[in-house]
Q: 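Pasting in a structure now, in structure tokens, and then I'll have a few things to ask.
All heavy atoms count here, side chains included; hydrogens, waters and symmetry mates do not. Each chain gets a letter, A, B and so on, in the order the sequences are listed, and its residues count up from 1.
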Amino acid sequence: MNSIHKHEHCSLNSVQSILILMAVKKVQGILPRQRREAAKQNLRGQILAVSREIIAEEGFPALTMRKLAEKIGYSAASLYLHFRNRDEIASEVSRVGYADLLTALSSATGKARRDDPAARLRALATAYIQFGLENPQTYRLIFLGDTSYLQAVASRPDGDDPATRAYGLLIEVARDLITAGFAPPKGISRRPRAVTPTELAETLWAGMHGIVSLKLTCQQFPTASAEIMTHVMIETLLRGLEASQAG
DNA sequence: CTTGTCAGAACTCGGCTAAT
DNA sequence: ATTAGCCGAGTTCTGACAAG
């Protein structure tokens with residue numbers, strides 16, 4: 001017995017019957033499609049979650065399609081219904097990694113006084129280095145691995161790009177430092193000019209990245225703790241900038 | 001009947017190793 | 001030093017199956 005016949009036993013007028021029929025059609029037609037889509041999204045999320053787990057525990061090279069499939073209880077072939085290839089999974093995991101980094105940096109700089117760029121730089125550098133050391137496999141994936149994943153994140157059609165936003169946060173701090181008078185010496189060339197926020201930001205990033213990557217890749221060296229290195233790097237840099245301002 | 005999902009088989013490729 | 005064979009990995013093809 002179909003839905004129409006069921007409703008014929010009720011004392012309903014024709015308009016009500018049509019409305020109910022439409023509702024039934026909606027439940028039959030659209031809701032299952034929504035359910036399927038929800039299930040698909042759910043599985044996609046599960047694939048990404050397990051991928052992150054594998055990368056966090058064993059590193060990116062350990063993320064194989066067969067291992068991933070085994071862990072989620074499907075065949076390797078099924079993974080290709082949800083992702084174009086392994087690179088697309090890696091790009092998506094990278095994007096989540098950048099998003100986590102952005103959250104850490106935003107949270108740290110947000111706690112510092114807005115009108116104190118030196119304090120914001122200290123907070124940002126500390127958070128960055130702490131993130132790298134506490135999430136070594138994620139850091140390796142997004143900054144020490146294949147740079148094409150960064151490009152993939154930056155060129156997403158939906159514009160969801162936490163990598164560029166994190167970079168923008170660093171440039172913002174650099175700009176505030178310059179505005180506040182923390183200007184590096186001009187004159188590395190014959191035609192002196194003021195350093196740009198981008199140049200200062202990239203130099204700062206090189207220092208922070210240097211500490212994290214040395215700590216992750218070289219167990220014996222450096223011997224100084226990351227905490228000491230961060231402190232010395234930032235304070236030396238700030239004093240240098242202040243001195244250049246005075247001179 | 002159509003559509004979407006799944007798994008098994010097979011293909012291709014790169015890295016490693018033993019034999020020559 | 002070179003080559004053949006093996007192995008593991010990513011990917012594709014194809015047919016079975018279930019849901020609508």
Q: Calculate the interatomic distance between A:Tyr80 atom OH and C:dT14 atom C1'; express it in whole Å.
A: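 Checked: the OH to C1' distance equals 17 Å.
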Q: Rounded to whole angstrom units, what separation is found between the CG atom of A:Leu79 and the P atom of C:dT11?
A: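 Atom CG in A:Leu79 sits about 10 Å away from atom P in C:dT11.
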Q: Please state how far atom CG in A:Leu68 lies from atom P in C:dT11, giving the value in whole angstrom units.
A: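 These atoms are roughly 12 Å apart.
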Q: Which pairs, with at least one residue in residues 119-132 of chain A and sequence neighbours excluded, count as a salt bridge (Lys or Arg N to Asp or Glu O under 4.0 Å)?
A: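 Checked against salt bridge (Lys or Arg N to Asp or Glu O under 4.0 Å) - neighbours excluded - the pairs reaching residues 119-132 of chain A are A:Arg120-A:Glu172, A:Arg120-A:Asp176, A:Arg122-A:Glu235.
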Q: Would you tell me if any nitrogen or oxygen in the side chain of A:His82 comes within less than 4.0 Å of OP1 or OP2 on B:dC6?
A: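 Answer yes for this pair, as a side-chain N or O of A:His82 is under 4.0 Å from OP1 or OP2.
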Q: Mind checking A:Leu63 for me? I need base, sugar-phosphate or nothing, with any heavy atom below 4.0 Å counting as a touch.
A: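 Counting heavy atoms under 4.0 Å across all strands, the contact made by A:Leu63 is with sugar-phosphate only.
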Q: Output every pair passing salt bridge (Lys or Arg N to Asp or Glu O under 4.0 Å) with a member in residues 59-84 of chain A, not counting sequence neighbours, ordered by first then second residue.
A: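 Checked against salt bridge (Lys or Arg N to Asp or Glu O under 4.0 Å) - neighbours excluded - the pairs reaching residues 59-84 of chain A are A:Glu58-A:Lys67, A:Arg84-A:Glu88.
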Q: Is A:Arg86 atom CZ crowded by more than 12 heavy atoms from other residues, nucleotides or ligands, each under 6.0 Å away?
A: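 Counting neighbours around CZ of A:Arg86, more than 12 heavy atoms of other residues, nucleotides or ligands fall under 6.0 Å, so yes.
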Q: Return the set of residues passing side chain to side chain donor-acceptor pair (under 3.5 Å) with A:Thr203 (not counting sequence neighbours), or none when no residue passes.
A: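 By the side chain to side chain donor-acceptor pair (under 3.5 Å) rule, A:Thr203 matches no residue at all.
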Q: Just to verify, what does A:Tyr98 make a ring-ring contact (aromatic ring centres under 6.0 Å, His included) with, not counting sequence neighbours?
A: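 By the ring-ring contact (aromatic ring centres under 6.0 Å, His included) rule, A:Tyr98 matches A:Phe143.
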Q: Can you tell me the distance, in whole Å, between the CD1 atom of A:Ile72 and the P atom of B:dT5?
A: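 Interatomic distance, CD1 of A:Ile72 to P of B:dT5: 13 Å.
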Q: Please list, for nucleotides 7-14 of chain B, all pairs of protein and nucleotide N/O atoms separated by less than 3.5 Å.
A:
from	atom 1	to	atom 2	distance (Å)
B:dA7	OP2	A:Ser75	N	2.5
B:dA7	OP2	A:Ser75	OG	3.1
B:dA7	OP2	A:Ser78	OG	2.9
B:dA7	N7	A:Ser75	OG	3.4

Q: Write down the distance between CG (A:Asp87) and C1' (C:dG10), rounded to a whole number of angstrom.
A: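 Computing the A:Asp87:CG to C:dG10:C1' distance gives 10 Å.
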Q: So, using side chain to side chain donor-acceptor pair (under 3.5 Å) as the criterion, who are the partners of A:Gln137 when residues are at least two apart?
A: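 Checked A:Gln137 against side chain to side chain donor-acceptor pair (under 3.5 Å); zero matches.
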Q: Rounded to the Å, how far apart are A:Asn85 CG and C:dA9 P?
A: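 Rounded to whole Å, this separation is 17 Å.
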Q: C:dT11 P sits how many Å from A:Met65 CE, rounded?
A: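 It works out to 6 Å between those atoms.
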Q: Distance check needed: B:dT5 P versus A:Ile47 CD1, whole Å only.
A: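 It is 11 Å, rounded to the nearest whole Å.
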